[in-house]
Number of protein chains: 2
Amino acid sequence: MSSAKLPGRRATLKDVAAALGVSPATVSNAYNRPDQLSPALRERILIAARELGYLGPDPLARNLRRGQAGAIGVVYADRLSYAFADPAAALFLQGVASATEQAGLSLLLLPTPDSPDTVTSAAVDGFVIYCLPEGSSSLQAALSRGVPCVLVDQLVSYGQPAVYIDDEGGAHQAAQHLLDLGHRTFGILSLELQFPRRRGRPCTDREAGASFRPPLERLSGYRRAIESAGLRWEEAVQVLEANENSPEEGETLARELLSGERAPTALLAMSDQLALGALRAAANLGLRVPEDLSIVGYDDVPSAGALNLTTVHQPTVRKGRLAGELLLAQLAGETPAAPELLPTELVVRGTTAPRRTVPTHP
Amino acid sequence: MSSAKLPGRRATLKDVAAALGVSPATVSNAYNRPDQLSPALRERILIAARELGYLGPDPLARNLRRGQAGAIGVVYADRLSYAFADPAAALFLQGVASATEQAGLSLLLLPTPDSPDTVTSAAVDGFVIYCLPEGSSSLQAALSRGVPCVLVDQLVSYGQPAVYIDDEGGAHQAAQHLLDLGHRTFGILSLELQFPRRRGRPCTDREAGASFRPPLERLSGYRRAIESAGLRWEEAVQVLEANENSPEEGETLARELLSGERAPTALLAMSDQLALGALRAAANLGLRVPEDLSIVGYDDVPSAGALNLTTVHQPTVRKGRLAGELLLAQLAGETPAAPELLPTELVVRGTTAPRRTVPTHP
DNA sequence: CTGAAAGCGCTAACAA
DNA sequence: TTGTTAGCGCTTTCAG
């Protein structure tokens with residue numbers, strides 16, 4: 001009747017065994033392999049356990065013994081709380097989760113990208129590495145762990161399985177669309193190219209020393225389209241680099257571009273979040289979209305549809321699922337296939353229109 | 001020079017110690033407490049480790065030894081991949097993450113609510129339990145783990161710290177708003193009341209045996225407002241229960257309500273996701289919102305603003321953060337305060353308007 | 001069907 | 001500054 005929790009420490013499997021005069025192995029079996037012992041004995045064991053306050057096998061000890069953690073780690077370029085605020089990151093995680101949950105694995109989301117220690121000591125069977133700054137210590141730490149890794153949207157693959165998006169192609173489509181509509185001056189709202197972050201006009205070396213693949217590829221897609229149209233990049237384009245992927249930041253940057261002397265007639269944003277901010281900036285400046293200003297986003301997150309934003313679709317959920325599947329394949333001992341390049345596609349909605357011909361003289 | 005990875009098994013700390021003729025503790029210190037040994041020796045150890053292919057202390061063994069996992073677990077009412085698709089869940093997780101990341105803890109997201117085994121063997125120092133069906137085995141498993149738990153939006157608190165939302169009050173405000181606008185017939189798009197799920201009109205016993213707190217509270221808030229206005233619930237209201245919280249489901253249910261004989265003039269949706277579907281159904285049926293039909297959502301997720309949806313705001317991020325903080329407090333040995341009830345507030349936007357007076361005879 | 005033995009790899013007292 | 005000791009709590013052959 002009385003739960004005999006004699007000592008201060010918590011009861012262990014051994015205590016239960018001792019109390020019943022059976023071996024620890026038998027108690028273990030009662031929990032892990034019910035078929036390995038008689039129902040009667042099992043019942044007795046479970047009852048004794050309850051009375052002793054034994055709560056079942058300790059997961060930490062079990063993990064050590066079994067040599068596996070039952071979880072896969074996800075390392076992301078930003079603070080974890082930010083990952084949930086970024087719709088594109090949420091879609092990606094949704095994809096990863098859809099793969100891992102089928103295998104019964106949990107997802108261990110690491111709190112921040114700038115604590116290699118957390119990476120070093122995370123109890124995981126593998127890592128999905130998403131957009132880490134090239135050369136960062138967390139990236140290094142994950143790769144050195146000796147567990148399978150999958151790299152997503154990274155510049156370098158370090159011989160690991162990797163998933164890529166055709167960002168260059170998507171950006172090219174976006175810029176080409178605007179060129180086809182007659183636009184000749186562009187503002188680019190760029191995601192952070194380099195780590196550590198800095199807001200402002202990126203100088204050339206900042207591009208050369210870029211830490212992130214997506215903005216680099218997108219920039220070069222934009223450039224290819226614009227230069228192929230016979231325009232000179234420096235004259236036709238103004239680039240501003242965000243120090244955060246948020247609507248607020250997009251609004252700030254767009255306002256700066258749009259209220260300057262050489263205000264562009266079209267904006268290329270490297271994310272829908274930035275584009276959303278640009279939309280607000282335009283509204284605040286009294287510019288009508290798309291009549292006065294065309295805007296193209298990137299990612300095609302769910303709210304882009306609601307906002308009727310012309311944008312570049314990337315298969316973000318699929319990207320995540322693929323990453324998860326590649327990791328599972330490695331865990332299963334399969335040799336993974338070559339890196340995958342997923343397609344992008346321009347989705348024309350309501351924020352782009354032909355450039356209005358402005359009378360040169362009033 | 002040659003990396004001497006002699007045996008098949010991976011090198012351990014002990015191997016490094018043996019190779020150098022030092023004690024395991026010293027090697028351990030080289031990694032965990034650099035100040036406890038001379039830089040020179042530490043350097044030698046690190047070099048030897050590299051040569052032996054030793055990758056640093058095994059997290060699993062370290063966890064066991066230290067008796068802590070460095071992660072907090074989150075159990076959610078649905079498949080994990082769904083949590084990322086539900087904007088409200090993402091906001092909640094954002095809040096939890098913002099609390100735990102400051103403590104340097106990772107978030108272990110469990111793959112599905114219907115696998116108590118995963119809960120039982122998750123390597124975590126505590127659980128945030130979010131909207132689990134009352135009486136579910138996962139809930140039971142988490143509470144039996146003997147680690148701190150925080151319950152969020154649960155019917156029963158089991159003596160644990162808990163966080164609640166004033167759902168009854170929020171729902172009351174929503175219904176009152178519609179009543180004030182002259183509406184007298186209502187359709188309610190309900191979240192699942194009971195587990196297992198079932199779509200359709202909930203009978204009374206389904207409400208009595210409800211597994212989830214939010215829909216129950218919201219229903220009773222709606223009811224209080226409507227009956228206080230002197231209307232008879234059964235006559236004024238049609239309730240349809242969703243079997244999933246998605247726009248698609250909302251669209252299906254709304255269509256059913258709106259194309260029936262006694263089509264209501266106003267819809268109360270228990271989530272913005274369902275309301276979004278209702279908006280689509282209205283559009284498909286040629287109903288103008290808000291002229292022909294008023295719609296109120298619930299949650300106030302980011303896209304509600306973009307869609308100009310009248311809805312009930314709940315402080316979802318704060319709810320998550322609070323849950324995280326309560327868990328951290330327990331982990332720190334503090335005795336947590338009484339359960340918290342967070343406020344809700346109606347946000348009137350563009351999807352509600354006075355009931356149009358319809359000519360009774362043509 | 002049950003038990004004995006042998007660690008999994010590490011860390012934290014404490015001792016030297 | 002470094003080493004010794006003693007497990008953390010469990011699982012898994014393998015014998016009986």
Side-chain angles (χ1 to χ4, degrees), chain A residues 7-45 48-49 52-70 117 120-125 145-147, chain B residues 7-45 48-49 52-70 117 120-125 145-147:
Chain A
R9 47 170 261 279
R10 172 172 293 188
T12 74
L13 177 149
K14 229 175 193 167
D15 298 327
V16 178
L20 245 53
V22 300
S23 101
T26 303
V27 180
S28 174
N29 281 335
Y31 285 92
N32 298 315
R33 306 165 162 199
D35 51 311
Q36 295 295 295
L37 74 178
S38 67
L41 177 55
R42 182 172 131 92
E43 201 46 44
R44 274 175 58 216
I45 289 175
L52 290 172
Y54 177 65
L55 302 173
D58 177 328
L60 267 26
R62 167 183 291 186
N63 279 351
L64 170 60
R65 181 58 234 236
R66 299 229 252 236
Q68 47 163 35
D117 286 3
T120 304
S121 62
V124 299
D125 300 318
R145 270 288 298 273
V147 294
Chain B
R9 49 169 257 280
R10 172 173 296 189
T12 75
L13 177 151
K14 228 174 192 166
D15 297 329
V16 178
L20 247 51
V22 301
S23 104
T26 303
V27 179
S28 173
N29 282 334
Y31 285 92
N32 298 315
R33 309 166 162 197
D35 51 311
Q36 296 295 296
L37 74 177
S38 66
L41 177 55
R42 181 171 133 90
E43 201 46 43
R44 273 175 59 217
I45 290 176
L52 290 170
Y54 177 63
L55 303 172
D58 178 331
L60 267 26
R62 163 184 290 181
N63 280 349
L64 171 60
R65 180 57 232 235
R66 300 229 253 235
Q68 47 162 33
D117 285 3
T120 302
S121 62
V124 299
D125 300 318
R145 271 288 299 273
V147 294

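Computed from heavy atoms alone, side chains included, the values below leave out hydrogens, waters and symmetry copies. First the proteins, then the strands, lettered A, B, ... as listed; each starts at 1.
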- Message: Assuming nearest nucleotide by heavy-atom distance, tell me which of B/Thr12 and A/Ser23 is located more 5' along DNA chain C.
- Response: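 Looking at DNA chain C, the more 5' nearest nucleotide goes with A/Ser23.
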- Nearest-nucleotide comparison on DNA chain C, the residue closer to the 5′ end among A/Asp35 and B/Arg66: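 Mapping each residue to its closest nucleotide by heavy atoms, the 5'-most match is A/Asp35.
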Please check the phosphate of [N] (OP1 and OP2 only) for any side-chain N or O of [X] closer than 4.0 Å.
X: A/Ser28; N: D/dT11; result: yes
X: B/Arg33; N: C/dA12; result: yes
X: B/Tyr54; N: C/dC10; result: yes
X: A/Asn29; N: C/dT2; result: no

- Task: Please work out if A/Asn63 contacts a base, only the sugar-phosphate, or nothing of the nucleic acid, heavy-atom cut-off 4.0 Å.
- Result: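 The answer is nothing, as A/Asn63 stays clear of every strand by at least 4.0 Å.
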- Message: With nearest nucleotide decided by heavy atoms, which residue, B/Val22 or B/Leu64, maps closer to the 5′ end of DNA chain D?
- Response: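 The answer here is B/Val22.
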- Message: From C-beta outward on A/Leu13, which listed nucleotide comes closest to its side chain: C/dC10, C/dC1, D/dC10?
- Response: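 Per side-chain heavy atoms of A/Leu13, the pick is D/dC10.
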- Item | Candidates C/dA12, C/dG3, D/dT1 - which lies nearest the side chain of A/Thr26 |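 The listed nucleotide nearest to A/Thr26's side chain is C/dG3.
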Measure the distance from [atom1] on [X] to [atom2] on [N] and round it to the nearest whole Å.
X: A/Gln68; N: D/dC10; atom1: CD; atom2: P; result: 17 Å
X: B/Leu20; N: D/dG3; atom1: CG; atom2: P; result: 9 Å
X: B/Gln36; N: D/dT2; atom1: CD; atom2: P; result: 10 Å
X: B/Asn32; N: C/dA12; atom1: CG; atom2: P; result: 7 Å
X: B/Leu60; N: C/dC10; atom1: CG; atom2: C1'; result: 11 Å
X: A/Lys14; N: D/dC10; atom1: NZ; atom2: P; result: 9 Å
X: B/Leu55; N: C/dC10; atom1: CG; atom2: C1'; result: 15 Å

- Item | Evaluation steps, side chain to side chain contact (heavy atoms under 4.5 Å, CB included), between A/Leu41 and A/Ile45 | CA-CA 6 Å; A/Leu41 177 55; A/Ile45 289 175; 4.0 Å; yes
- Query: side chain to side chain contact (heavy atoms under 4.5 Å, CB included) between A/Val124 and A/Arg145: does it pass, once the steps are laid out?
  - Reply: CA-CA 10 Å; A/Val124 299; A/Arg145 270 288 298 273; 4.1 Å; yes
